[in-house]
Amino acid sequence: MTDDITPTRTALVTGASAGIGASFARHLAAEGFGLLLVARRAERLTALADELGQAHGVPVHVYAADLSDPAAPADVMAFAETHDLTIDVLINNAGMAASTSFSDATWPALAGELQLMVIAVTELTHRVIPGMKARRWGRIVNLSSLAAFSPPGSGLLYTGIKSYVLNMSQALDMELKPDGIHVTALCPGFTHSEFHDAMGTRDAADRLPSILWQQPDAVVREGWAAVNKGKPICVPGRVNKILSNAFRPVPYGAQYVLGRTFNPFA
Ligand SMILES: NC(=O)c1ccc[n+]([C@@H]2O[C@H](COP(=O)([O-])OP(=O)(O)OC[C@H]3O[C@@H](n4cnc5c(N)ncnc54)[C@H](OP(=O)(O)O)[C@@H]3O)[C@@H](O)[C@H]2O)c1
């Protein structure tokens, strides 16, 4: 286990019913952390909790919640308090990408997207910090994306949302490092998960070259190592690192043209 931690430390993982979140849950349970798993699909969470409890002997709690509901972050933390769980690790992972353009989307759909990936991420972070500060130890991983480094996709909020997560994670890491709390923006590229099924872009995603893809476990290994080393940004995988650096020198005007003309999922 990392940093001499005790088995009573608990990790709250959002979006633990699939993909990167489920992989984080497996990884942290194997390191001896207790878990609080959150997502909408309760049966998936319960199956994972049974698996990890048996495999690693750690306490695993599940709480089914829709994080696009503004009440959800407070409800999750109330559940943690009722069960005496101190949240030492927060993996803000739950997310999705809408494929409907801004003007065609309904306001409730757009508001839900912002609530899930901006407000809930920020509110959960704000709610766990006092306890972490008091214990002078905390790890927060916020799932951003390689998209935060790339030109915005026409009509989509996703790149803007993930840019916010990248930016706020760095700001919080600067503020909280002296309190023993590390905050890392984890910025994966294309990762095998249910993400493109939920987005309705599975066929287009499957046509992308395999060199662009990573397995969730590889993303999690690198992200978890990064937060423990105190790195505020983690772009996992060699190809993703090259791509994130490649966009940096491109002038904004050229990025705009790129974003308007190139969309692998259109
Ligand atoms: N896969 C990629 O290529 C990729 C690349 C860069 C960044 N990311 C980011 O990585 C994170 C995880 O994505 P993934 O690839 O693992 O996708 P995934 O396999 O589709 O998993 C998404 C998770 O988020 C949960 N979730 C979605 N909407 C939710 C809601 N309203 N309330 C609560 N939970 C919700 C889902 O659970 P339920 O459906 O059970 O609620 C699921 O557990 C996301 O933030 C995504 O933006 C993914």
Side-chain angles (χ1 to χ4, degrees), residues 12-27 35-49 62-73 75-76 90-99 108-121 123-124 141-150 153 156-166 169 184-202 204-206 208 210 212-220 222-223 233-237 239-240 243-244 264-265:
L12 164 54
V13 183
T14 72
S17 61
I20 296 169
S23 181
F24 257 113
R26 290 196 168 90
H27 193 91
L35 294 171
L36 171 53
L37 307 178
V38 175
R40 290 167 299 185
R41 287 171 290 179
E43 69 293 348
R44 290 259 195 127
L45 297 179
T46 305
L48 184 59
V62 305
Y63 186 78
D66 182 345
L67 289 165
S68 66
D69 174 353
D75 292 346
V76 170
L90 171 62
I91 311 291
N92 263 319
N93 162 80
M96 43 75 76
S99 49
L110 292 168
E113 201 179 341
L114 292 166
Q115 184 68 39
L116 171 66
M117 290 188 288
V118 176
I119 305 292
V121 167
E123 184 175 348
L124 284 172
V141 177
N142 294 325
L143 263 291
S144 175
S145 169
L146 185 62
F149 298 91
S150 63
L156 299 179
L157 293 181
Y158 189 76
T159 42
I161 287 171
K162 293 303 188 184
S163 299
Y164 165 78
V165 173
L166 173 65
S169 301
T184 296
L186 177 55
C187 309
F190 295 109
T191 308
H192 291 293
S193 71
E194 296 176 10
F195 187 80
H196 287 284
D197 304 305
M199 191 180 166
T201 49
R202 170 54 57 204
D206 285 348
L208 293 172
S210 60
L212 293 176
W213 290 87
Q214 279 195 296
Q215 293 296 339
D217 287 353
V219 170
V220 166
E222 214 174 316
I233 301 175
C234 173
V235 179
V239 171
N240 292 330
L243 289 174
S244 67
F265 304 117

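On a predicted model such as this, the values are computed, not experimentally measured, just so you know. Just follow the structure's listing: the first ligand is 1, and inside any ligand the first atom is 1.
When non-hydrogen atoms are compared, ligand 1 lies under 4.0 Å from the side chain of Lys162 (C-beta onward) but not from its backbone. Both the backbone and the side chain of Ala18 come within 4.0 Å of ligand 1, judged by heavy-atom distances.
Residue contacts with ligand 1: Ala65 is included, with a non-hydrogen atom under 4.0 Å away. Ligand 1 has at least one atom lying under 4.0 Å from a heavy atom of Gly189. Using a 4.0 angstrom heavy-atom cutoff, His192 does not count as in contact with ligand 1. The shortest separation from a heavy atom of Ser144 to ligand 1 is under 4.0 Å, placing the residue in contact. Taking a 4.0 Å cut-off on heavy atoms, Ala16 registers as neighbouring ligand 1.
Distance from atom 19 (O) of ligand 1 to its nearest protein heavy atom, with residue and atom name: Glu194 N, 2.9 Å. Protein heavy atom closest to atom 35 (C) of ligand 1, with residue, atom name and distance, is Ala94 CB, 3.9 Å. Nearest non-hydrogen protein atom to atom 8 (N) of ligand 1 is Tyr158 OH, 3.6 Å. The protein atom (non-hydrogen) at minimum distance from atom 43 (O) of ligand 1 is Ser17 OG, 2.8 Å. For atom 32 (N) of ligand 1, the closest non-hydrogen atom on the protein side is Leu67 N, 2.8 Å. When only non-hydrogen protein atoms are considered, atom 28 (N) of ligand 1 lies nearest to Arg40 NH2, 3.2 Å. For atom 31 (N) of ligand 1, the nearest non-hydrogen atom of the protein is Asp66 OD1, 2.8 Å. Counting protein heavy atoms only, atom 20 (O) of ligand 1 is closest to Phe195 N, 3.2 Å.
Heavy-atom contacts of Gly19 reach the following atoms of ligand 1: 16 (O), 19 (O) (cutoff under 4.0 Å). Atoms of ligand 1 found under 4.0 Å from any heavy atom of Phe190, numbered from 1 in the order shown, are 3 (O). Close approach to Gly95 involves these atoms of ligand 1, each under 4.0 Å from a residue heavy atom: 22 (C), 24 (O), 27 (C), 44 (C), 45 (O). Annotation for ligand 1: atoms under 4.0 Å from non-hydrogen atoms of Arg41 are 37 (O), 38 (P), 39 (O), 40 (O).
Not one N or O of Ala39 is nearer than 3.5 Å to an N or O of ligand 1, by distance alone. Residue contacts with ligand 1: Trp213 is placed with no nitrogen or oxygen under 3.5 Å of a nitrogen or oxygen of the ligand (distance criterion only). Polar contact with ligand 1: absent for Gly21 (N/O pair, distance under 3.5 Å).
Between the CG atom in Leu37 and the CD1 atom in Ile91 there is a gap of 11.5 Å [rounded to 0.5 Å]. Going from atom CD1 of Ile161 over to atom CG of Leu166 covers 14.0 Å, rounded to the nearest 0.5 Å.
The minimum heavy-atom distance between Ala65 and Val38, with the atom names listed, is CB-CG1, 4.1 Å. The minimum heavy-atom distance linking Ala39 with Ser17 is given by the pair CB-OG, 3.5 Å. Considering every non-hydrogen atom in both Ala205 and Trp213, the closest pair reads O-CZ2, 3.3 Å.
For the pair Glu222 (side chain) and Cys234 (backbone), a donor-acceptor distance under 3.5 Å is absent. Within the 3.5 Å criterion, the main-chain N or O of Glu113 finds no donor-acceptor partner in the side chain of Ser68. When atom types are taken as modelled, the side chain of Thr184 and the backbone of Leu186 share no donor-acceptor pair closer than 3.5 angstrom. A donor-acceptor pair under 3.5 Å links the side-chain atoms of Ser163 to the main chain of Thr159, judged by distance alone.
Counting heavy atoms from C-beta outward, Leu48 and Arg26 have side chains that approach closer than 4.5 Å. The side-chain heavy atoms of Ile233 and Cys187, taken from C-beta on, include a pair separated by under 4.5 Å. Side chains of Val121 and Tyr164 form no contact here, defined as non-hydrogen atoms less than 4.5 Å apart.
Applying side chain to side chain contact (heavy atoms under 4.5 Å, CB included) to Thr191 and the options Val219, Asp217, Leu146 leaves one that passes, Val219. Put simply, the residue from Leu143, Asn93, Leu116 that forms a side chain to side chain contact (heavy atoms under 4.5 Å, CB included) with Thr14 is Asn93.
The residue from Leu48, Thr191, Val38 that puts a heavy atom closest to atom 3 (O) of ligand 1 is Thr191. Counting only non-hydrogen atoms, the option in Val220, Asn93, Ile91, Thr14 that gets closest to atom 45 (O) of ligand 1 is Asn93.
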